Visitor: 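Here you go, one structure.
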Amino acid sequence: MRHVDHRKLGRELDLFDSDPLIGAGLPFWLPAGAAARYEVESYLRELERRAGYQHVYSPVLGKRQMYELSGHWMNFADEMFPPMAVSRTDVDVDVDDGDGDGDGDGLVLRPSLCPHHALMFKSRQRSYRDLPLRIAELGAMYRAERSGVVGGLTRVRSIWLNDSHIFCAVPQVVAEIADVLRLMRQAHDALGVRVSSYRLSRRGAGGKYAGDDEAWEMAERLLRQALDAADVRYGVVAGEAAFYGPKIDVQIVDPAGRESTLSTIQVDFLQPARFDLSYIDERGERVRPVMVHRSLVGSMERLFAHLIEVHAGAFPAWYAPVQLCVLPVATDQRPAADALASEASAAGLRVEVDVDGTIGARIRAAARRKIPYVAVIGAREAPYGRVALRLRDGRQLPAMPAGEAIALIESAVARRSADLLPSGDLLPGGEAGQPSR
């Protein structure tokens with residue numbers, strides 16, 4: 001299979017771009033890319049909601065002291081943007097003077113979401129009846145990547161992460177992680193992502209790891225039990241753990257054979273202790289919760305870099321930027337084309353009408369744009385309210401009533417109540433997303 005570079009194809013399909021005036025590593029999403037991303041984000045939020053997650057919003061800034069407490073400043077200061085001095089007219093407010101000593105209100109662009117979520121947990125008194133508490137957010141974070149290494153969507157400075165933190169009791173950890181692994185499989189199947197392997201990332205030599213040996217050993221034991229409970233085969237790698245705990249890395253391979261980590265699950269005893277998190281147990285005593293970090297699909301940027309390449313830009317129909325392109329053969333059929341587009345849009349489909357150029361040129365243009373469905377309306381179809389559908393895989397269907405065509409497309413892209421999304425894409429026998437393994 002010929003390797004497709006997401007940077008080239010993403011620009012050709014008008015999915016994303018960048019500008020030096022905005023800055024290196026800061027891509028922007030064009031309408032087509034934004035439409036696909038919005039659909040994927042909506043799917044993930046609904047998948048999480050049905051699994052008992054509660055979605056939140058948190059600020060992209062935080063005081064440096066928070067990151068010193070969490071351990072991020074010690075471990076990631078070189079990858080974080082420097083603190084910003086806050087200018088205020090209120091002389092009673094201690095303002096960071098920019099000397100980096102953290103003595104004031106200097107703010108930092110966050111490199112992760114977990115400290116914010118930890119403080120959300122702490123903001124209310126919690127009972128054992130509240131656990132497990134699953135907090136989810138699709139939020140922005142920022143990394144000060146060097147200009148020489150940023151590019152496309154894989155190495156960026158502005159990152160939108162599908163993130164969640166589960167606060168639970170120790171006896172609940174294994175079941176929670178096993179459920180996350182199953183939820184990951186469902187999301188990967190729907191998106192057409194094939195997982196190449198799972199690995200348990202442990203501590204290595206060196207002093208970058210925080211916490212005591214007992215906590216690390218328990219965290220690793222819980223991850224192993226969860227992997228076994230979910231019937232997941234895995235390898236073990238030393239030196240790839242997070243600074244606060246071991247993790248499960250979900251690995252993918254791109255069409256060029258390069259391996260990378262798509263998503264992770266981490267068990268954390270450190271931050272609950274550092275932020276003094278607690279809940280009241282059945283005996284009325286304060287108990288420290290466990291914090292499970294997890295992302296189903298990682299960041300939107302790296303996810304779409306992978307999706308563009310593995311699908312060669314031909315996304316499954318449910319998140320294709322344009323799902324239906326309507327082509328009137330001549331000017332006389334324009335009213336029928338507009339009526340079909342209006343009805344399809346009202347049914348929830350993303351639809352366009354293309355009238356520029358010959359019908360052959362427009363059909364080829366739709367093929368280059370990887371549009372799943374093309375509806376051709378000519379003199380033989382318009383008077384009878386019929387359309388001739390052409391599918392992205394090259395098939396042509398006999399002319400059918402416009403309402404039937406819309407229903408057919410709807411059924412192929414609709415979210416099903418049983419599994420939220422269909423496993424296939426176009427029609428029985430048509431193309432489908434790749435299953436994860």
Side-chain angles (χ1 to χ4, degrees), residues 29 33-62 66 70 109-142 158-169 172-173 175-191 193 248 250 262-268 271-272 275 277 279 289-304 307 318-319 348 415-421:
W29 296 70
R37 172 176 160 174
Y38 178 85
E39 195 66 28
V40 169
E41 290 177 347
S42 299
Y43 161 72
L44 292 170
R45 287 191 180 96
E46 180 64 9
L47 186 68
E48 289 169 339
R49 185 194 68 79
R50 295 187 184 199
Y53 289 80
Q54 301 177 61
H55 289 92
V56 298
Y57 294 101
S58 58
V60 299
L61 296 168
M66 178 173 70
S70 70
L109 283 168
R110 66 181 175 193
S112 68
L113 282 70
C114 38
H116 288 81
H117 289 186
L119 291 175
M120 283 186 177
F121 180 90
K122 189 176 182 178
S123 68
R124 298 291 185 272
Q125 180 171 298
R126 307 293 182 179
S127 162
Y128 71 94
R129 296 185 182 90
D130 300 323
L131 306 185
L133 179 63
R134 307 179 187 100
I135 294 177
E137 181 175 5
L138 209 159
M141 62 186 197
Y142 300 87
S158 174
I159 303 163
W160 285 83
L161 185 67
N162 159 243
D163 203 11
S164 174
H165 297 91
I166 303 169
F167 300 89
C168 59
Q172 298 171 324
V173 171
E176 286 297 308
I177 294 176
D179 284 345
V180 168
L181 288 165
R182 285 186 280 267
L183 206 62
M184 280 182 173
R185 285 175 171 172
Q186 187 174 349
H188 298 161
D189 284 347
L191 292 167
V193 171
I248 297 169
V250 181
L262 175 68
S263 48
T264 62
I265 305 171
Q266 302 149 2
V267 173
D268 183 1
Q271 291 195 60
F275 286 107
L277 306 186
Y279 66 93
V290 183
M291 189 174 178
V292 176
H293 308 239
R294 59 106 282 210
S295 176
L296 298 180
V297 296
S299 73
M300 291 299 102
E301 289 78 15
R302 285 199 173 191
L303 172 65
F304 268 89
L307 294 177
W318 70 269
Y319 63 92
R415 299 178 175 185
R416 296 180 180 172
S417 58
D419 58 1
L420 197 60
L421 278 176

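The figures that follow rest on heavy atoms only: side chains count, while hydrogens, waters and symmetry mates do not. Bear in mind that the values here come from a model prediction, so they are computed numbers and not experimental data.
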Visitor: Find out whether Phe275 and Ser70 are in side-chain contact, i.e. whether some heavy atom of one side chain is under 4.5 Å from a heavy atom of the other.
Guide: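 They are in side-chain contact.
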
Visitor: Look up atom CG in Leu119 and atom OG in Ser58, then write down how far apart they are to the nearest 0.5 Å.
Guide: 10.0 Å

Visitor: Indicate the atoms forming the closest heavy-atom contact of Arg134 with Ala51, along with that distance.
Guide: NH1-O, 3.6 Å

Visitor: Between the side chain of Ser295 and the main-chain N/O of Asn162, is any donor-acceptor distance below 3.5 Å?
Guide: yes

Visitor: Tyr43 and Ala187: which non-hydrogen atoms are nearest, and at how many Å?
Guide: OH-CA, 3.4 Å

Visitor: Suppose we screen for salt bridge (Lys or Arg N to Asp or Glu O under 4.0 Å). Which residues come up paired with Arg126, at least two apart in sequence or across chains?
Guide: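 For Arg126 there are no salt bridge (Lys or Arg N to Asp or Glu O under 4.0 Å) partners, ignoring immediate neighbours.
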
Visitor: Could you go through the side-chain contact (heavy atoms from CB on, under 4.5 Å) check for Val193 and Val297 one step at a time?
Guide: CA-CA 9 Å; Val193 171; Val297 296; over 6 Å; no

Visitor: Do any N or O atoms from the side chain of Trp318 and from the backbone of Ala190 form a donor-acceptor pair under 3.5 angstrom?
Guide: yes

Visitor: Donor-acceptor check, side chain of Ser299 to backbone of Arg302, threshold 3.5 angstrom: yes or no?
Guide: yes

Visitor: Look at the side chain of Asp179 and the backbone N and O of Glu176, then say whether any donor-acceptor pair between them is shorter than 3.5 Å.
Guide: no

Visitor: So Phe304 and Trp29, side-chain contact (heavy atoms from CB on, under 4.5 Å) or not? Walk me through it.
Guide: CA-CA 11 Å; Phe304 268 89; Trp29 296 70; 3.8 Å; yes

Visitor: Can a donor-acceptor pair be found, under 3.5 Å and without considering hydrogens, that links the side chain of His165 to the backbone of Met291?
Guide: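 No, because the side chain of His165 does not come within donor-acceptor range (under 3.5 Å) of the backbone of Met291.
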
Visitor: Would you call Glu48 and Arg45 a salt bridge, using N to O less than 4.0 angstrom?
Guide: no

Visitor: Say you draw a straight line from CG of Leu296 to CG of Leu183; how long is it, rounded to the nearest 0.5 Å?
Guide: 5.0 Å

Visitor: Is there side-chain contact between His116 and Tyr57, with at least one heavy-atom pair below 4.5 Å?
Guide: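 With C-beta onward as the side chain, the pair stays apart.
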
Visitor: Can you name the residues that form a salt bridge (Lys or Arg N to Asp or Glu O under 4.0 Å) with Arg110, not counting sequence neighbours?
Guide: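 With sequence neighbours excluded, Arg110 shows a salt bridge (Lys or Arg N to Asp or Glu O under 4.0 Å) to Glu137, given in chain and number order.
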
Visitor: If you round to the nearest 0.5 Å, how far is CD1 of Ile177 from CZ of Arg182?
Guide: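 Nearest 0.5 Å value for the CZ-CD1 distance: 11.5 Å.
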
Visitor: Are the side chain of Ser164 and the backbone of Ile135 linked by a donor-acceptor contact shorter than 3.5 Å?
Guide: yes

Visitor: For residues Val173 and Cys168, report the shortest heavy-atom separation together with the two atoms involved.
Guide: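 Heavy-atom minimum between the residues: CG2-SG, 3.7 Å.
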
Visitor: Is the shortest side-chain heavy-atom distance between Ile265 and Val292 below 4.5 Å?
Guide: yes

Visitor: Just checking Phe121 against Phe167, ring centres under 6.0 Å apart?
Guide: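 Centroid separation for Phe121 and Phe167: below 6.0 Å.
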
Visitor: Do Leu303 and Val40 have side chains that get closer than 4.5 Å, going by heavy atoms?
Guide: yes

Visitor: Would you check if Leu133 and Ile166 make a side-chain contact, meaning some heavy-atom pair closer than 4.5 Å?
Guide: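 With C-beta onward as the side chain, the pair stays apart.
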
Visitor: What's the verdict on side-chain contact (heavy atoms from CB on, under 4.5 Å) for Met300 and Leu44, showing C-alpha distance, side-chain angles and the deciding distance?
Guide: CA-CA 11 Å; Met300 291 299 102; Leu44 292 170; 3.8 Å; yes

Visitor: Taking the side chain as everything from C-beta on, heavy atoms only, tell me whether His117 gets closer than 4.5 Å to Lys122.
Guide: no

Visitor: Quick one: does any side-chain atom of Tyr128 pair with a main-chain N or O of Tyr279 as donor and acceptor, under 3.5 Å?
Guide: no

Visitor: Can you tell me how far CD of Glu46 sits from CD of Glu41, rounded to the nearest 0.5 angstrom?
Guide: 14.5 Å

Visitor: Mind checking whether Leu138 and Leu161 have side chains closer than 4.5 Å, heavy atoms only?
Guide: no

Visitor: Glu301 and Ser158: which non-hydrogen atoms are nearest, and at how many Å?
Guide: OE2-O, 3.6 Å

Visitor: Quick one: does NZ or CZ of Arg294 land under 6.0 Å from the six-membered ring centre of Tyr53, within 45 degrees of the ring axis?
Guide: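 The answer is yes; both the distance and angle limits are met.
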
Visitor: What I'd like to find out is whether the side chain of Ser263 reaches to under 4.5 Å of the side chain of His188, using heavy atoms alone.
Guide: yes

Visitor: Determine the minimum heavy-atom distance between Pro111 and Met141, stating which atoms define it.
Guide: O-SD, 3.3 Å

